[in-house]
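Keep in mind that what you see is a predicted model, and the values were worked out from it rather than measured. Note: hydrogens, waters and symmetry copies are ignored here, and every other heavy atom, side chains too, is used.
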Amino acid sequence: MHEQPHLWRGLIVLDSLMSADAQPDVLDVRFPTRRILAIIGDKWTTVVLYCLSIREHRRFNELQKQIPDISKKMLIQTLRNLERDGLLERTVYPQVPPKTEYRLTDNGHKLREPIAWLCEWGIENREFIDSIIEARARTVLMPISHESNRPPKPA
């Protein structure tokens, strides 16, 4: 199979990765892309990582103000997961009232560029994303009828 290289954001991406004839390992659960998406692919992780990448140190209340639609419980859970995964560091200062700051680790900073690319892509493709979200909303509001799948009623 002949593979054509494509330049994308300074990286060479082979056609075989972008086609239906992808190599079997690309689809394997152990493939690096699938593994990183398992780590950062939930609703809030990339948002929190992005906020932490904007400024070196953030306090909990700053993050909560920056991301107003995240619940306190979900922010705590996301921060704990990122700390567990070694992507952020939490520093607790022994003072009254307690002060806690969060910052990205060196490994957390490795995700800054790909997340920034995703944000840039989202801005460039806003209309495309909006159309998908609108279609989802219509589907939720007007569920697909299963009437056509039912056998005709006996006369």
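The hydrophobic clustering, which links ILVMFWY residues whose side-chain heavy atoms are closer than 4.5 Å, places I36 and L104 together. In the hydrophobic clustering of this structure, I54 groups with L63; members are Ile, Leu, Val, Met, Phe, Trp, Tyr whose side-chain heavy atoms approach within less than 4.5 Å, directly or through other members. L82 is not connected to V92 by any chain of hydrophobic side-chain contacts under 4.5 Å among Ile, Leu, Val, Met, Phe, Trp and Tyr, and they are in different clusters. Taken together through direct or relayed side-chain contacts under 4.5 Å among Ile, Leu, Val, Met, Phe, Trp and Tyr, L79 and I76 form part of one hydrophobic cluster.
Side-chain atoms of T91 and T100, non-hydrogen and from C-beta on, never get closer than 4.5 Å to each other. The closest side-chain heavy-atom distance from V48 to I67 is below 4.5 Å. The shortest distance between side-chain heavy atoms of W44 and D69 falls below 4.5 Å. The shortest distance between side-chain heavy atoms of Y50 and C119 falls below 4.5 Å. Using a 4.5 Å cut-off on side-chain heavy atoms (C-beta onward), M74 and S71 make contact. When side chains are defined from C-beta on, K72 counts as touching Q64, because their heavy atoms get closer than 4.5 Å.
Distance check, rounded to the nearest 0.5 Å: CH2 of W121 to CD1 of I123 gives 12.0 Å. Annotation: the span from L49 atom CG to K110 atom NZ amounts to 14.0 Å, rounded to 0.5 Å. For the atom pair R34 CZ and D28 CG, the distance stands at 7.0 Å (nearest 0.5 Å). Rounding to the nearest 0.5 Å places CD1 of I133 at 12.0 Å from CZ of R138. How far CG of L75 is from CZ of R80: 10.5 Å, rounded to the nearest 0.5 Å.
Salt-bridge check for E101 with K99: passed, with a basic side-chain N closer than 4.0 Å to an acidic carboxylate O.
Between Q66 and R58, the shortest heavy-atom contact is OE1-NH1, 3.5 Å. For N107 against G86, the heavy-atom pair with the smallest separation is CB-O, 3.8 Å.
Between Y102 and F60, the angle of the ring planes lies from 30° to 60°, which puts this pair in the tilted group.
For the residue pair D42 / T45, a side-chain donor-acceptor distance below 3.5 Å is found, with atom types taken as modelled.
By the 6.0 Å contact criterion, CZ on R84 is enclosed, its count of non-hydrogen atoms from other residues, nucleotides or ligands being greater than 12. Other residues, nucleotides and ligands contribute only 12 or fewer heavy atoms inside 6.0 Å of the CG atom of D106. The environment of CZ in R55 is crowded: more than 12 heavy-atom neighbours from other residues, nucleotides or ligands sit within 6.0 Å. Within a 6.0 Å radius of CD in E56, more than 12 heavy atoms belonging to other residues, nucleotides or ligands are found. The environment of CZ in R112 is sparse: at most 12 heavy-atom neighbours from other residues, nucleotides or ligands sit within 6.0 Å.
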* To do: For N81 and I39, run side-chain contact (heavy atoms from CB on, under 4.5 Å): C-alpha distance rounded to whole Å, both residues' side-chain angles, the deciding distance at 0.1 Å, then the answer.
  => CA-CA 9 Å; N81 290 341; I39 295 169; over 6 Å; no
* **Test log, rule side-chain contact (heavy atoms from CB on, under 4.5 Å), inputs V47 and I70** => CA-CA 10 Å; V47 175; I70 191 171; over 6 Å; no
